[in-house]
Amino acid sequence: MTQHTRVDLGQDDIDPVMPLTSGPTLLESAAASPLVGDVKVQCDACPVLCHISPGRTGACDRWGNVDGVLTRVDPVLVAQQSGAGGEMFVTGVGAGTTYPDYKPAPFIVASEHKGVDMVTAVTEGIFSYCSFKLKIDTDRYLGPEQGNVRHKGEIVGHVTTAEYGSQMLSIGGVHRLTGGSRKEGRATCQLMADLGNKRAVDLSIDGGAQLVVQAGRAPVVDGVTESRMRVGCGSATIGIFAKQWLGLIDEVVVVDDHITGVLSEHPAGSFLGMRFSGIEMKGRRSTAGRYFKVANPGTGWGGTDIIDPLNIIEGFDANLSWAGMRLLMVSTTGEHSAYFVLDEALCPQPATMPPAVRTVVERIAENCEPALCTVLFVGGAGGSLRAGVTESPVRLTRSIKEALVNVTCGGAPAYIWPGGGITVMVDVSRMPDNSFGTVPTPAIVAPIEFTMRLRDYADLGGHMEHIIPLSEAVKRASVRYIALDAANAWPLGASPLLG
Ligand code: SF4
């Protein structure tokens with residue numbers, strides 16, 4: 001297996017100039033460009049148009065002047081199927097970019113899959129319209145919806161909605177990249193690349209928590225590493241475990257910042273014939289045994305600010321409650337729990353939790369999933385990037401919607417949003433490491449591959465004269481062979497129409 005490593009060069013200062021010519025795209029052309037003379041080469045892979053001195057790289061550290069030739073300094077990652085005769089797939093990682101977009105993609109590769117002639121148009125797209133969506137599995141309160149998310153003091157995104165056991169952040173986006181100060185744009189861009197490249201990043205949320213986020217790892221919230229993702233909301237937890245509590249206990253309160261559950265009042269308890277305990281809860285009663293806003297959000301019990309769970313109980317109805325009543329209070333992850341018995345004055349007194357009750361609490365914890373950070377890249381490839389694939393961009397969009405084209409990012413499956421354009425969404429943890437780069441415009445560089453049958457490529461007006469065989473593609477640049485993430489479908493055969 002051939003291994004080529006990155007060409008290491010020093011970085012030139014940014015030396016942008018406006019284009020005087022629309023020169024050819026790749027390597028050999030740059031040295032011959034009338035702009036550059038015999039010393040520097042001009043990179044035309046993005047609007048910055050760096051002039052690069054011999055032995056140096058341009059402003060993005062991705063292109064260099066190697067012996068007078070403009071060279072993409074990272075190897076192209078080529079995925080190889082395991083086993084004898086395994087197919088190969090050229091990914092966009094390290095492939096290089098063409099700019100302006102009317103030029104064909106850097107690699108338009110012919111290959112064969114199950115006897116069908118295929119084509120893959122491969123590029124590193126430059127995305128100004130893109131963001132990262134972060135799903136943080138935690139009950140701990142991260143911050144108010146619409147709250148600013150900061151990195152090194154700069155606003156880089158905002159808090160969106162909480163989902164079931166997770167809180168969502170949006171990082172980046174075109175307004176952050178282009179609409180603020182230069183410093184804000186650059187800070188955002190670098191942070192986005194770090195997130196995409198699966199590095200740990202520090203975030204702070206106005207009016208909320210300090211976070212450490214890394215794709216595929218547990219989030220760290222205010223210095224505490226999160227371990228469990230809740231089994232359900234307070235009401236669902238009541239429903240799931242009601243039968244197991246029956247006979248062991250008289251009342252269970254599952255404390256949750258959103259929906260706190262009260263067993264004896266909840267349909268799960270009443271259907272099992274439980275006697276209502278007479279407990280009176282704080283907050284707003286939504287439906288039987290389901291309470292909203294029992295406390296403020298926080299990093300205590302069940303995503304509330306509660307340290308002492310008894311603080312969410314208003315009292316006990318003297319006509320319904322009884323001395324000796326057994327009360328369990330537990331959080332949605334089982335991380336917090338406390339057991340009480342009511343005394344003659346109907347005051348809950350701490351008591352030793354019986355082992356059978358403890359077993360159900362432990363079962364709540366067992367049923368939690370590991371808390372993780374998920375990092376999704378969302379990018380708009382519906383613009384000019386399509387011109388590298390076809391002379392009629394809308395035909396590519398239509399072909400993707402008709403499932404004639406399989407879109408991948410670094411070989412990872414991309415979800416295409418419905419509606420117009422080509423808005424891709426991909427889980428970065430399924431992409432090769434260090435798939436993302438930046439250019440100082442600022443924008444994100446991300447790999448993207450469009451795979452389809454040769455005849456469909458011809459039909460959509462593809463750059464047929466630029467197709468090269470796979471065998472030539474792997475000789476044309478420094479390449480590194482990799483295995484794709486085991487969860488990824490093989491890109492050449494992923495679409496039903498591709499066989
Ligand atoms: S920033 Fe990078 S891609 Fe853009 S012109 Fe400079 S070297 Fe080329």
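All residue numbers refer to positions in the sequence shown, counting from 1. This one's a predicted model, so the numbers in the text were calculated from it and none came from an experiment. Reckoned from all heavy atoms, side chains included, excluding hydrogens, waters and symmetry mates. When a ligand or atom number is given, it counts from 1 through the structure's own listing order.
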I'd like to check which ligand 1 atoms, numbered from 1 as shown, lie under 4.0 Å from a non-hydrogen atom of [X].
X: C43; answer: 3 (S), 5 (S), 7 (S), 8 (Fe)
X: R62; answer: 3 (S)
X: W63; answer: 3 (S), 7 (S), 8 (Fe)
X: P440; answer: 1 (S)

Which protein non-hydrogen atom lies closest to atom 4 (Fe) of ligand 1, naming both residue and atom, and how far is it?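 Nearest protein contact, heavy atoms only, for atom 4 (Fe) of ligand 1 is C46 SG, 2.3 Å.
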
Quick one: nearest non-hydrogen protein atom to atom 7 (S) of ligand 1, plus distance?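 That would be G58 CA, 3.5 Å.
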
Electrostatic pair R150-D206, nearest N-O below 4.0 angstrom: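 The answer is yes: the pair qualifies as a salt bridge.
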
Quick one: look at L49 and ligand 1, take heavy-atom pairs under 4.0 Å, and tell me if it's side chain, backbone, both or neither.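 Backbone only; the side chain of L49 stays clear of ligand 1.
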
Within a reach of under 6.0 Å around NZ of K183, are more than 12 heavy atoms found that belong to other residues, nucleotides or ligands?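 Result for NZ/K183: open.
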
Is K293 atom NZ crowded by more than 12 heavy atoms from other residues, nucleotides or ligands, each under 6.0 Å away?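 No.
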
Rounded at 0.5 Å granularity, tell me how far [atom1] in [X] sits from [atom2] in [Y].
X: N406; Y: I416; atom1: CG; atom2: CD1; result: 8.5 Å
X: M118; Y: R453; atom1: CE; atom2: CZ; result: 8.0 Å
X: E124; Y: T91; atom1: CD; atom2: OG1; result: 8.5 Å

For atom 8 (Fe) of ligand 1, does an N/O/S atom of C60 lie at less than 2.8 Å?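 Of the N, O and S atoms in C60, none lies under 2.8 Å from atom 8 (Fe) of ligand 1, which means no.
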
Could you tell me whether a side-chain N or O of R228 sits under 3.5 Å from a main-chain N or O of A365, the two making a donor and an acceptor?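 Not confirmed, R228 side chain does not pair with A365 backbone.
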
At a threshold of 2.8 Å, where the distance has to be below it, does atom 6 (Fe) of ligand 1 have an N, O or S atom of C50 nearby?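 It does; at least one qualifying atom falls short of 2.8 Å.
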
